[in-house]
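Below: one structure, written as structure tokens.
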Protein chains: 2
Amino acid sequence: MTPEKTVARLSLYRRFLKLAKDEGTSNVYSHQLADMVRGTSAQVRRDLMALGCSGSPQKGYDVNELIKHIDEFFNTSEVVDVILVGIGNIGRALLSYFKSGKSHINIVASFDSDRQKVDRVINNSKCYYIEELSKFVSENNIKTAILCVPASEAQQTADVLMHSGIKGILNFAPVRLKLPANIFVEDVDITMNIEKLVYFSSGKRK
Amino acid sequence: MTPEKTVARLSLYRRFLKLAKDEGTSNVYSHQLADMVRGTSAQVRRDLMALGCSGSPQKGYDVNELIKHIDEFFNTSEVVDVILVGIGNIGRALLSYFKSGKSHINIVASFDSDRQKVDRVINNSKCYYIEELSKFVSENNIKTAILCVPASEAQQTADVLMHSGIKGILNFAPVRLKLPANIFVEDVDITMNIEKLVYFSSGKRK
DNA sequence: TAGATTGTTAATCGATTAACAATC
DNA sequence: TAGATTGTTAATCGATTAACAATC
């Protein structure tokens, strides 16, 4: 229903708003939020309108009200359990990053095919053997997974995730996963990002 | 000149084509490449046309010719030196990922403000003290940087990068950098990605 | 030939941008 | 009031999609 880009921007607005709130700011203008997302103020107004938020001239938008609405949108009152598959360098970095628990997103368990890693607790989440994944996912009704396995294992692991009932995958493997359209896949493709970056920073930018 | 999305897709095409070549495939059809990028065959044909590549009915496109053209587009014959700032979990993961040297992108040096890390060689790249960054960048004519410092230090580090002559930044810090328009910034915002993922995998997807 | 794919043009779609009266 | 910002509509822009004759 809500377009992908709007969802992405709402997430960024929220981060900015929480910082603003911590600093004691009580109201913001659309152009301040626009700076945050490299967008325009009209775009921000449209996003917030879609969310049912209204502002006023002179005062702009109420920070607390916006946070409340965006929190509702993302349903942050409910903790979402997520699993992570593949304890390599990136996997470990993500576990470390999310252990803070500031977010409503919680990496409840991790999985690896390396027996040496199994049963260890890395950054608050216990590592299980990959074969236990299916059972864990269905028993705990997990819907979202972070996939950090090597490229060569990505597709077969994704298939397991799908059959276990996972509906969304954040894919760090440099491979395009072939999955049915009802599974939402978000690719984080760093090699591609760097190639793009090098291209545009080498003076070929329009 | 070339749109961002096309550049991103070309990078993906190349990866797919190299795999195909290794498997002995000599020609591909637009729909095969379309699968790779979750796009359409018409889109692929347009991208390749923009690149000056032409195919033929029945045979499609010649794999070697495409690789040649895309390599030329990305200028892969020339090794591009890139620096990395911030040896935390993500920084280390990236160094490990790029040490293979398969790509034309080479992380020549890394920088950190922690004296303990300085002078160590982590995954083929020596770590320097952050204060040496400016000198290193200008002396070695570096144009591209990967920024993995904590959010609190991101903006000030980005300012240093800019003043040193960096033109492109891959930003892993969950902060929107404020930089002039001539600096190309690519954000890798994992928190946002996960929030988006959770939203769309929780049944709210259109 | 028949059939799938090509290059290329035209139509569609959606998002962004511009514009402006209403508001505080 | 004057001025900046708001909600909202209309115009623009660009990318995607559809269409189709030409090709091997």
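Sequence lines set the chain letters: A, B, ... in the order given, protein chains first and strands last, and positions in each chain run from 1.
- A search for side chain to side chain donor-acceptor pair (under 3.5 Å) contacts involving A:Asn123 returns A:Lys99, not counting sequence neighbours.
- A search for side chain to side chain donor-acceptor pair (under 3.5 Å) contacts involving B:Ser96 returns A:Asn89, not counting sequence neighbours.
- Residues passing the ring pair (Phe, Tyr, Trp, His ring centres under 6.0 Å) test with A:Phe98: none are found, sequence neighbours excluded.
- Take A:Tyr129 and apply the ring pair (Phe, Tyr, Trp, His ring centres under 6.0 Å) test, not counting sequence neighbours, and it matches no residue.
- Atom CG of B:Leu51 and atom P of C:dG7 are 12 Å apart (whole Å).
- For the side chain to side chain donor-acceptor pair (under 3.5 Å) test, no residue two or more places apart in sequence or in another chain qualifies with B:Gln43.
- B:Phe136 places a side-chain heavy atom less than 4.5 Å from the side chain of B:Val108.
- Listed by chain and residue number, nothing satisfies the ring pair (Phe, Tyr, Trp, His ring centres under 6.0 Å) test with A:Tyr13 (two or more places apart in sequence, or in another chain).
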Secondary-structure notation, DNA chain C, from Watson-Crick and G-U pairs under 3.5 angstrom (| other strand): ..||||||||||||||||||||||
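- Remark: nothing in residues 28-36 of chain B comes within less than 4.0 Å of DNA chain D through any heavy atom.
- In this structure, CG of A:Leu48 is placed 15 Å from C1' of D:dT8, rounded to the nearest angstrom.
- Distance CG (A:Leu66) to C1' (D:dT6): 13 Å, rounded to an integer number of Å.
- The side-chain hydrogen bond (donor to acceptor under 3.5 Å, both in side chains) contacts involving residues 168-179 of chain A comprise A:Asn171-A:Asp187, where partners must be two or more places apart or lie in separate chains.
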Summary of protein contacts for nucleotides 16-24 of chain C, nucleotide by nucleotide, where a base hit scores B, a sugar-phosphate-only hit scores S (4.0 Å, heavy atoms): BS-B---BB
Can you give the donor-acceptor pairs under 3.5 Å from side chains of residues 56-67 of chain A to other protein atoms, not counting sequence neighbours?
{"from": "A:Asp62", "atom 1": "OD2", "to": "A:Asn64", "atom 2": "N", "distance (Å)": "3.2"}
{"from": "A:Asp62", "atom 1": "OD2", "to": "A:Glu65", "atom 2": "N", "distance (Å)": "2.9"}

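- Every side chain to side chain donor-acceptor pair (under 3.5 Å) that A:Arg9 has, sequence neighbours left out, goes to A:Asp47.
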